[in-house]
Amino acid sequence: MRTKIKEILHAPHPEKLIGKQVTVCGWVRTVRDQKTFAFIEVNDGSTLANLQVVAPSAGELTTGASLSVSGHLVASPGKNQALELKADSLKMLGACDATKYPLQKKRHSFEFLRTLAHLRPRTNTQGAVLRVRSALAFATHTFFQSRGFYYLHTPIITASDAEGSGEMFRVTTLEKNLDDASKDFFGKPTYLTVSGQLEGEIAACALSDVYTFGPTFRAENSNTSRHLAEFWMIEPEMAFADLDADRECAESYLRFCVQYVLDHCKEDLEFFDKFIENGLVARLQAVAAHSFAHLTYTQAIEILKKAPKQFEFPVAWGTDLQSEHERYIAEEYSKKPTIITDYPAAIKAFYMRENPDGKTVAAMDILVPKIGEIIGGSQREERLDVLERKLDALGLKREDYWWYLELREYGTVPHAGFGLGFERLVLFVTGMENIRDVIPFPRFPGHAEF
Ligand code: 4AD
Ligand code: MG
């Protein structure tokens, strides 16, 4: 049986493993061949650190080769690790031509590594990103399941524009005459979903509390470090809930995720703290420990107008907050995650609940330092007449949303939810700068390799 390197290097009592026979498999990171023996650093991705293997000779092993090694664990004289493996038998599984292997020992740029998506998970940074990503997915399920939410699977192919903003990828089997959708596979135009929210509302209006966690697609041509064409979103939806309940849930969820990685991904976070963002762990500890700031949109506009700073985009009530505005609020004004509520109706999606003032809606965005918007949500418009009026005003066809409207006809209830962009969460907890570097296979304009 194979032992994972993590079980050896993170054993609670390493001294108890001394003398133990183990078989370890992995990839060679470095080889130092001395006259009478060789040091081989092996990594199997189960953890950041490498296991040092001491063997009589490295044979044909070079950096990048895969191997299986059996032997017994001994106390390591080195100070970096408690144990090392003294090899009795060593087998190369797959050779690696060192003259061609693109992952040389030097530090490569993240941009260059993106062109090697089949090999980049073997780098320290990508390995750590993928482990933290996995932990955040588990934290997400743990949080919502412990609150009694049910995990809902919403469709990837859809005929409705959940955000009403027309940024959808068409899905078709037609090769010509794309305009005649009656001849298309589904008999109507279909698209990759931009959000599972509307279906989430259907389920919430039956099971009370649900969440989705799936891929979403947006054909917005934003070549930024915060946008992907394919990203993962978590969308909780709660029946019998208003905007305050929504805010509480979103803040608790974010802080839970941060605490979860602090508790479960210590080694990887320390790596990010050292090489990616100095002070990361302290920043995350502060997020987990303190409640978020809360401002209304109108207050945020006043703050931005008084800011001792020139913005590229003008600040005026009624216009959407730009990334620079969001970051000023979170980074310089509040200096912590900030919830902004009650945005003007005109800049938000059709489904958000109209406030009594008739001008604003019960919307909520959470802005965090370095990233800006990480969560967008709202209380939903549960009043049929108001919703119909809003669709009409936006030029959206009632018949396209007939089932969504019927939810309001048969036992409508106040309900609310939000969406968290999973990759933005990974950026937030790792300190990584570019969203393309926190998803294994990034999709963005012009790029769908691998
Ligand atoms: O604010 P958005 O567009 O809200 C919705 O989709 C709602 N249906 C959510 C809901 O209420 N159920 O998107 C939600 C979040 C954003 O805050 C952002 O974190 C992320 O999704 N996001 C993106 N992440 C990466 N690339 C993109 N192109 C993104 N667009 C949105
Ligand atoms: Mg948004």
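All values below come from the heavy atoms of this structure, side chains included, with hydrogens, waters and symmetry mates left out. Note that the structure is a prediction, hence the values are computed from the model and not measured.
Here E354 does not pair with K390 in a salt bridge; the nearest charged N to carboxylate O distance is not below 4.0 Å. Under the 4.0 Å criterion applied to side-chain N and carboxylate O atoms, K370 and E433 are assigned as salt-bridge partners. Ion pairing of E381 with R383 is present here, as a side-chain N (NZ or NE/NH1/NH2) and a carboxylate O approach within less than 4.0 Å.
You'll find the ring centres of F231 and F217 outside the 6.0 Å limit. Between F422 and F213, the ring centre distance stays below 6.0 Å. A distance below 6.0 Å separates the ring centres of H141 and Y211.
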When you look at Y191 and D161, which way does the side-chain contact (heavy atoms from CB on, under 4.5 Å) test go after all the steps?
CA-CA 8 Å; Y191 309 90; D161 183 353; over 6 Å; no

Trace of the side-chain contact (heavy atoms from CB on, under 4.5 Å) decision for T47 with K4
CA-CA 9 Å; T47 189; K4 290 205 171 163; over 6 Å; no

Decide yes or no on side-chain contact (heavy atoms from CB on, under 4.5 Å) for L407 and T412, but give the supporting numbers first.
CA-CA 6 Å; L407 275 184; T412 193; over 6 Å; no

Under the side-chain contact (heavy atoms from CB on, under 4.5 Å) rule, what do V129 and D437 come out as? Steps first, then yes or no, please.
CA-CA 8 Å; V129 163; D437 298 320; over 6 Å; no

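Between F418 and F144, the angle of the ring planes lies from 30° to 60°, which puts this pair in the tilted group. The aromatic rings of H118 and F450 sit parallel to each other, their planes meeting at less than 30°, with 60° as the upper class boundary. Note on ring orientation: taking the six-membered ring where Trp is involved, the planes of F275 and F271 are tilted (angle from 30° to 60°).
Using modelled atom types, one finds a donor on one side chain and an acceptor on the other under 3.5 Å when comparing T298 with W317. Between the side chains of R380 and S378, at least one donor N or O sits under 3.5 Å from an acceptor N or O. For D400 and S160, the side-chain atoms include no donor-acceptor pair closer than 3.5 Å.
Atom CZ of residue R120 and atom CZ of residue F441 lie 8.0 Å apart, to the nearest 0.5 angstrom. Between the CZ atom of F256 and the CZ atom of R147 there is a distance of 10.0 Å, given to the nearest 0.5 Å.
Cation-pi geometry between R436 and F444 is met: the NZ or CZ atom falls under 6.0 Å from the ring centre, inside 45° of the normal. Annotation: cation-pi geometry not satisfied between R255 and Y253 (NZ/CZ under 6.0 angstrom from ring centroid, within 45° of ring axis). The side-chain tip of K348 points at the ring of Y343 from less than 6.0 angstrom away and within 45° of straight on.
Side-chain contact between I301 and L321 is present, with heavy atoms from C-beta onward closer than 4.5 Å.
A side-chain hydrogen bond (donor to acceptor under 3.5 Å, both in side chains) with Y351 holds for exactly one of Q379, E163, E201; it is E163.
Shown here is E111, whose CD atom has no more than 12 heavy atoms of other residues, nucleotides or ligands within 6.0 Å. The local environment of NZ in K305 is crowded, with over 12 non-hydrogen atoms from other residues, nucleotides or ligands closer than 6.0 Å.
Residues T63 and C96 share a closest heavy-atom pair of O-SG, 3.3 Å. Scanning all heavy atoms of the two residues, the minimum distance from L48 to E267 falls at N-OE1, 3.3 Å.
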